[in-house]
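Some notes on the structure that comes next.
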Amino acid sequence: MDVDGEDDRGQNRRTMERDSDAFKDKIAEPSWFSPKKLLLVFCVVNLINYIDRGAIASNGINGSRGTCTSSGTCSAGSGIQGDFNLSNFEDGVLSSAFMVGLLVASPIFASVAKSVNPFRLIGIGLTIWTLAVIGCGLSFDFWSITFCRMFVGVGEASFVSLAAPFIDDNAPHDKKSAWLAMFYMCIPTGYALGYVYGGLVGNVLPWRAAFWGEAILMLPFAVLGFVIKPLHLKGFAPDDTGKTLTDNLNVLPTGYGFSSVMKDLKLLLVDKVYVTNILGYIAYNFVLGAYSYWGPKAGYNIYKMENADMIFGGVTVICGIVGTLSGGVILDFMDATISNAFKLLSVSTFIGALFCFVAFCFKSMYAFLALFAVGELLIFATQGPVNFIVLHCVKPSLRPLAMAMSTVSIHIFGDVPSSPLVGILQDYVNNWRVTSLVLTFVLFPASAIWFIGIFLNSVDRYNEDSEPDAVTRDSSAAPLLEEA
């Protein structure tokens, strides 16, 4: 391993980042908006987004189908599954329906960001998201709620493509992975709070009220995206109106249509570091997606957990916060390089998979919870490093599309098929312990793929698009934020 060469690359990266930071001083900044405020806003929005994911998977909102005994005694179902009489397969499809909108809209938002201010696009996306969850609360059958869940994905598309690049731009250069970890910490935390939120709402109100509550929480942030001064994203030159220019060919092409998107996609697909990282991420998300959706039901059936939503929610929120933050901090301590990120991903996923697999072998609920908690702690340590690689293995102007395609890939090949496939497997074997063990085993291939990434020739391209050259002579708009 070329340690000296890696140290030199790390030093060069830090030097370029300091030069980029110095360049920020030359340009005006929004008068009241600071990097920490930006991080806080994005974290809360991400939290609400995943509360929605957790709520629809909770026993309180998702519910169960009506059942009939051999003697002819029938009991009414509850929640979405009971009201619409959904099979496990249909229930799994419902959890994945948002992916249709996400798949279609993500590359569109990433491409349009070259001509429309990215922060405004986030406002548009959050508005669509808010209207879509209101529609979920008004749905009347399987197809109507599925249609609304698709538009939830459309609304999410702009945020997942653009939020992480904004955070990466404005984080202190020696804390980039930690800041990304704070942002992605909201995924397990949101899921966990969603379980709890769904359980509480489902016990006292109709399940539809949960979606309307989410809309109320998100509405102020949708409005914020339109009313505050536009923020500039690195790699996209601003003008005085907050819109990006199209006459600087060093930053973006003159066209941003289908051909431009396909050209950028080709650059991503031939990048070995990017592809290897995403393949590992897909296998990882295949497991995490099914855990998040079927976890409460599996826990209830295997260990007779009376409060499965609360227990899984509590374990996930604690392990998610501690694990995700620890992963980001450890990577910064190791020196945030792509090679070190792959090392952390491979080791933490492998050991975490061992703990989770062994946990499901125990019949004691307490032994299961102890081992599974350690496994989740290690597994969640991947969130900061894996997204650090996505953002830093491509040049800045490709980051929105790289994030968009990362999100699309891990969903369309990961948690989208995993939820219905696990439902089919469970319908076939009728044994939640066996189903959970088979699912957990998929984490080992994820670790192996990330292990391969350690040996790839990786280059941090964060400063490949020179920031001084990226801004035109006449530009006076506010780009990257500074602390007040």
Between L200 and V196, is the side-chain contact (heavy atoms from CB on, under 4.5 Å) condition met? List the steps. CA-CA 6 Å; L200 293 175; V196 176; 3.9 Å; yes

Take L126 and V45 through the side-chain contact (heavy atoms from CB on, under 4.5 Å) test and state the conclusion after the steps. CA-CA 9 Å; L126 296 184; V45 171; 3.7 Å; yes

Begin from the C-alpha positions of S409 and Y281 and carry the test side-chain contact (heavy atoms from CB on, under 4.5 Å) through to its verdict. CA-CA 9 Å; S409 299; Y281 203 6; over 6 Å; no

Apply side-chain hydrogen bond (donor to acceptor under 3.5 Å, both in side chains) to the pair D415 and S418, showing each step before the final yes or no. CA-CA 5 Å; D415 58 3; S418 73; 5.9 Å; no

Tell me, with the steps shown, if H392 and K176 meet side-chain contact (heavy atoms from CB on, under 4.5 Å). CA-CA 11 Å; H392 286 253; K176 287 184 179 292; 4.0 Å; yes

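Between W207 and F84, the distance from one ring center to the other falls under 6.0 angstrom. Here the two rings, on Y184 and F380, have centers that are 6.0 Å apart or farther. The aromatic ring centroids of F360 and F372 lie less than 6.0 Å from each other. Centroid-to-centroid, the aromatic rings of F42 and F159 come within less than 6.0 Å.
Taking the side chain as every heavy atom from C-beta outward, F355 and L377 never approach each other to under 4.5 Å. Looking only at side-chain heavy atoms (C-beta outward), P35 and W179 come within less than 4.5 Å of each other. Between T407 and S161, the closest side-chain pair of non-hydrogen atoms is not below 4.5 Å. Taking the side chain as every heavy atom from C-beta outward, W129 and I48 approach each other to under 4.5 Å. In this structure, the side chains of M150 and L102 stay at 4.5 Å or more apart for every pair of heavy atoms. Side chains of M405 and L269 form no contact here, defined as non-hydrogen atoms less than 4.5 Å apart. The side-chain heavy atoms of I145 and F140, taken from C-beta on, include no pair separated by under 4.5 Å. Two residues are said to be in side-chain contact when any heavy atoms from C-beta on lie closer than 4.5 Å; I124 and F226 meet this criterion.
Classification of the F166-F119 ring pair by plane angle, with boundaries at 30° and 60°, yields perpendicular. Ring planes of W450 and Y284: tilted class, angle from 30 to 60°. Classification of the F350-F444 ring pair by plane angle, with boundaries at 30° and 60°, yields perpendicular. The aromatic rings of F451 and F455 sit perpendicular to each other, their planes meeting at more than 60°, with 30° as the lower class boundary.
Rounding to the nearest 0.5 Å places NZ of K175 at 7.5 Å from CE of M182. Considering CE of M218 and CD1 of I51, their distance stands at 9.0 Å, rounded to 0.5 Å. To the nearest 0.5 Å, the span separating CG on L371 from SG on C356 amounts to 9.0 Å. One distance of note links OG1 of T349 with CD1 of I351; it measures 9.5 Å at 0.5 Å rounding. Note: F342 CZ to T337 OG1 = 10.5 Å, rounded to the nearest 0.5 Å. Remark: N277 CG to I282 CD1 distance equals 10.0 Å, nearest 0.5 Å.
Between T130 and A215, the shortest heavy-atom distance links the atoms CG2-O, 3.7 Å. Heavy atoms only, all atoms of each residue included: G280 and I449 are closest at N-CG2, 3.5 Å. V315 and L369 make their closest contact through CG2-CD2, 4.3 Å (heavy atoms, listed as atom of the first residue, atom of the second, distance). A pairwise comparison of heavy atoms in M185 and G320 identifies CG-O, 4.1 Å as the closest pair. Minimum interatomic distance between L391 and D168 (heavy atoms only, all atoms of both residues): CD1-CB, 3.8 Å. Considering every non-hydrogen atom in both I134 and W212, the closest pair reads O-NE1, 3.4 Å.
In terms of modelled atom types and a separation under 3.5 Å, the side chain of T324 and the main chain of Q383 share no donor-acceptor contact. Between the side chain of S406 and the backbone N or O of A402, no donor-acceptor pair lies under 3.5 Å. Between the side chain of T146 and the main chain of A97, no donor-acceptor pair closer than 3.5 Å is present. The main-chain N or O of V394 is never found under 3.5 Å from a side-chain atom of R461 such that the two would form a donor-acceptor pair. Formation of a donor-acceptor pair under 3.5 Å by the Y197 side chain with backbone atoms of A210 is found in this model. Put simply, the side chain of N340 gets close to the backbone of M334: a donor and an acceptor are under 3.5 Å apart. With hydrogens and angles ignored, the 3.5 Å screen pairs a side-chain donor or acceptor of N431 with a backbone N or O of V434. In this structure, T382 contributes its side chain and I379 its backbone to a donor-acceptor pair below 3.5 Å.
Side-chain polar atoms of Q426 and T435 form a donor-acceptor pair below 3.5 angstrom. The closest side-chain donor-acceptor pair between T440 and Y291 falls under 3.5 angstrom.
Annotation: salt bridge (charged side-chain N to carboxylate O under 4.0 Å, His left out) contacts involving residues 132-159, sequence neighbours excluded, comprise D52-R149, R53-E156.
Dense packing is recorded around OH of Y303, with more than 12 heavy atoms of other residues, nucleotides or ligands lying under 6.0 Å away. Annotation for F441: atom CZ does not count as buried by contact number, only 12 or fewer foreign heavy atoms lying within 6.0 Å.
Between R399 and D169 there is a salt bridge, since a side-chain N of the basic residue sits under 4.0 Å from a carboxylate O of the acidic one. Salt bridge D271/K266: absent, no basic N to carboxylate O contact under 4.0 Å.
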